2 protein chains.
Amino acid sequence: MAKKVVPEEARRRRRPTRHGVVVTQQLIVETALRMLHEHGRDGLTVRRLGLALGADPSTLYRYFRGIDDLTLAIADELIARAMHGRRSTGQWRTDLREIGLRIHAAYLAHPEAAVLTASRVSGRANEIAGDETVLGILRSTGLPDADVVRIYQAFVDQALAFSALDAASLALPEEARAADERVWRATYAELPARTHPNIAALAPLLVARMNDSAYPTALEMLLDSAEASIGRARRDTDPDHA
Amino acid sequence: MAKKVVPEEARRRRRPTRHGVVVTQQLIVETALRMLHEHGRDGLTVRRLGLALGADPSTLYRYFRGIDDLTLAIADELIARAMHGRRSTGQWRTDLREIGLRIHAAYLAHPEAAVLTASRVSGRANEIAGDETVLGILRSTGLPDADVVRIYQAFVDQALAFSALDAASLALPEEARAADERVWRATYAELPARTHPNIAALAPLLVARMNDSAYPTALEMLLDSAEASIGRARRDTDPDHA
DNA sequence: GAGTAACGTCAACGGCGTTGGCGTAAGGTG
DNA sequence: CACCTTACGCCAACGCCGTTGACGTTACTC
């Protein structure tokens with residue numbers, strides 16, 4: 001059977017399935033995203049995908065080498081959605097902030113897919129374009145190359161890491177998520193001050209924040225540190241700047 | 001069959017299996033960690049676990065309610081190992097740095113297990129103790145409560161987020177990991193300066209760093225920002241501090 | 001209109017997590 | 001030491017899963 005998948009642009013025939021659907025890679029990716037939403041993180045199976053497409057499960061293997069290949073295609077789609085429509089303001093801090101928050105938002109819009117893909121390297125066009133953009137923004141600040149690369153890596157990995165972590169919480173099965181939240185709330189609200197004085201003292205603040213992502217805070221702290229580095233770099237090369 | 005699992009401390013009989021092994025929860029957890037190491041992230045299966053234990057696969061269900069219950073037990077074990085043996089120096093920045101790096105190291109020591117567990121909330125003793133410790137360190141700096149909670153959340157979530165992200169890369173099946181690395185190296189080494197000037201200019205630096213975790217950098221940047229906040233707080237309450 | 005091969009379908013394989021039933025032997029009790 | 005209870009290990013089975021080889025139809029090319 002399919003030793004090799006025919007590339008999308010080389011396809012000549014589009015025979016409809018017995019249910020009348022004309023299959024494409026894009027249709028499969030979109031259907032997979034919808035199934036992940038509807039059935040949870042373990043809800044994407046080849047058999048169910050075939051059912052949702054109105055096609056035999058083995059049809060998938062005419063379009064992707066396997067589940068892993070489909071996963072990478074989904075990752076590419078998420079990155080594309082994250083970067084779509086972005087505009088530059090020319091201010092490095094504003095632009096980096098927006099890119100970080102856009103990545104985070106795009107992944108959280110599809111948490112089950114984000115869990116599957118956040119740690120993968122697609123190496124495709126959208127990913128590379130994003131890296132080029134971030135590097136360009138950082139270079140425009142006048143930072144030395146070594147600092148540019150250091151901060152770039154921290155920025156990108158921080159965005160992906162928080163996206164994956166926050167997505168994982170959202171993607172838990174509802175019962176598990178509710179149980180986790182119950183445990184968390186009970187834990188922090190009821191620990192006695194005698195054994196856990198710090199948690200007890202801050203419990204109201206902790207509980208109030210527990211459903212908010214820490215990413216905006218962590219991102220701003222990273223940008224604080226970058227700004228300090230940029231200030232140092234400018235003083236080094238331009239002493240009049242004071 | 002087993003509607004309910006007998007708690008470990010209530011067990012009365014310890015009948016050896018036909019291969020002479022006496023099963024315990026701890027033995028199962030340790031065996032599961034070993035299997036994850038040996039067979040990769042998908043290598044932990046009930047049937048293989050039974051084989052490794054010298055017991056029938058269904059024996060697992062005498063000790064755990066299912067695979068998910070075993071997963072939480074593994075999570076608990078990882079947290080215990082992360083915090084074991086830590087000592088305080090009394091210097092907030094040194095202590096927070098060590099805690100962050102310890103969590104990261106403990107998870108990366110068992111990347112396949114880390115992937116399964118990093119996003120779960122155990123609510124058990126070791127997790128709570130760690131939170132209490134971090135809050136105590138931040139409160140000792142004199143920061144206002146709101147800043148303590150804000151920075152605490154960013155610190156803890158960043159440690160877990162990077163641990164999960166870095167673990168996921170390490171835990172990829174060898175072929176996928178090699179493919180990802182090949183893609184990455186080829187991408188950054190061979191992009192023409194005409195279309196991607198920033199990547200082309202920094203390619204050697206990028207490739208040199210690509211196998212290193214960005215977590216130490218991101219952690220230090222977070223601590224930079226925290227230190228600036230602490231300095232501001234002290235100037236506000238103690239103007240002589242200058 | 002004939003030939004070719006792309007592609008949808010079918011059936012099957014070996015795995016998986018999980019469960020109900022059963023026998024056995026370990027432990028408490030006298 | 002003998003009995004009884006029942007925890008616990010084992011077996012067989014169920015319904016899933018991803019993947020593959022063979023096959024026939026049908027959309028294209030010429």
Side-chain angles (χ1 to χ4, degrees), chain A residues 1-25 27-28 31-32 35-36 39-74 116 173 176, chain B residues 1-25 27-28 31-32 35-36 39-72 74 116 173 175-176:
Chain A
M1 79 152 294
K3 309 283 187 192
K4 197 155 171 54
V5 172
V6 176
E8 191 74 2
E9 64 274 12
R11 290 182 181 274
R12 298 164 42 222
R13 309 185 192 179
R14 310 235 75 122
R15 174 149 57 126
T17 69
R18 65 164 42 215
H19 291 77
V21 183
V22 175
V23 180
T24 63
Q25 282 193 0
L27 177 64
I28 293 177
T31 304
M35 292 183 53
L36 283 167
H39 297 102
R41 76 157 110 199
D42 295 330
L44 175 61
T45 72
V46 176
R47 289 162 200 278
R48 226 182 332 216
L49 189 56
L51 206 64
L53 283 169
D56 188 86
S58 63
T59 298
L60 172 71
Y61 296 88
R62 299 275 181 210
Y63 293 85
F64 296 98
R65 290 192 307 278
I67 276 286
D68 193 70
D69 198 22
L70 172 58
T71 301
L72 290 177
I74 294 172
L116 293 178
Chain B
M1 77 151 297
K3 308 284 185 191
K4 198 158 170 53
V5 172
V6 176
E8 190 72 4
E9 62 276 12
R11 291 184 179 273
R12 298 163 43 222
R13 310 184 191 181
R14 310 235 74 124
R15 173 147 59 125
T17 70
R18 68 165 40 216
H19 291 77
V21 183
V22 175
V23 179
T24 63
Q25 283 193 0
L27 177 64
I28 292 177
T31 305
M35 291 183 56
L36 283 167
H39 298 102
R41 76 155 112 199
D42 295 329
L44 176 61
T45 73
V46 177
R47 289 161 201 278
R48 224 182 332 216
L49 189 57
L51 207 63
L53 283 169
D56 187 87
S58 64
T59 298
L60 172 71
Y61 296 86
R62 300 276 181 208
Y63 293 86
F64 295 98
R65 290 193 305 278
I67 276 285
D68 193 69
D69 197 22
L70 172 58
T71 301
L72 290 177
I74 294 172
L116 294 178
E175 88 192 77

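Keep in mind that this is a model prediction, so the values were computed, not measured. Order of the sequence lines sets the chain letters (A, B, ...), proteins ahead of strands, with each chain counted from 1. Hydrogens, waters and symmetry mates are skipped; everything else that's a heavy atom, side chains included, is used.
For B:Val46, the listed nucleotide lying nearest its side chain is C:dG17; candidates were D:dT19, C:dG17, C:dT9. If you check D:dT19, D:dC8, D:dC14 against the side chain of B:Arg62, the one that comes closest is D:dC8. For A:Asp56, taking side-chain heavy atoms from C-beta onward, the closest of the listed nucleotides C:dC22, C:dC10, D:dT20 is C:dC10. Among D:dC10, C:dC13, C:dG17, the nucleotide with an atom closest to any side-chain atom of B:Thr59 is D:dC10. When distances are taken from the side chain of B:Ser58 to each of C:dG20, C:dC22, C:dG17, the shortest belongs to C:dG20.
For B:Tyr61 and D:dA13, the OH to P distance is 19 Å, given to the nearest whole Å. Rounded to whole Å, the distance from CD1 on A:Ile28 to C1' on D:dG18 is 15 Å. Atom pair B:His39:NE2 and C:dC16:P shows a separation of 11 Å (rounding to whole Å applied). Rounded to whole Å, the distance from CG on B:Leu60 to P on D:dA7 is 19 Å. Distance B:Arg41 CZ to C:dC16 P: 17 Å, rounded to the nearest Å. Rounded to whole Å, atom P of C:dT19 lies 16 Å from atom CZ of B:Phe64. The distance between atom CG of B:Leu51 and atom C1' of D:dC10, rounded to the nearest whole Å, is 14 Å. Taking atom CD1 of B:Ile67 as the reference point, atom C1' of D:dC17 lies 15 Å away to the nearest angstrom.
Smallest separation of non-hydrogen atoms from A:Leu36 and A:Arg41: CD2-O, 4.0 Å. In terms of heavy atoms, B:Tyr63 sits closest to B:Gln25 at O-NE2, 3.2 Å.
The phosphate of C:dG8 has OP1 or OP2 within less than 4.0 Å of a side-chain N or O from A:Tyr63. Between A:Thr45 and D:dC17 there is a side-chain polar atom (N or O) within less than 4.0 angstrom of OP1 or OP2.
Residues that satisfy the side-chain hydrogen bond (donor to acceptor under 3.5 Å, both in side chains) test with B:Asp69, not counting sequence neighbours, are absent from this structure.
For A:Arg47 and D:dG18, a side-chain-to-base donor-acceptor distance below 3.5 Å is present, hydrogens and geometry of angles not being considered.
Checking B:Thr31, B:Ile67, B:Thr59 one by one against B:Leu49, the side chain to side chain contact (heavy atoms under 4.5 Å, CB included) holds for a single residue, B:Thr31.
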**OP:** Could you give me the CA-CA distance, side-chain angles and deciding distance for A:Tyr61 and A:Val46, then say whether side chain to side chain contact (heavy atoms under 4.5 Å, CB included) is met?
**Re:** CA-CA 10 Å; A:Tyr61 296 88; A:Val46 176; 3.9 Å; yes
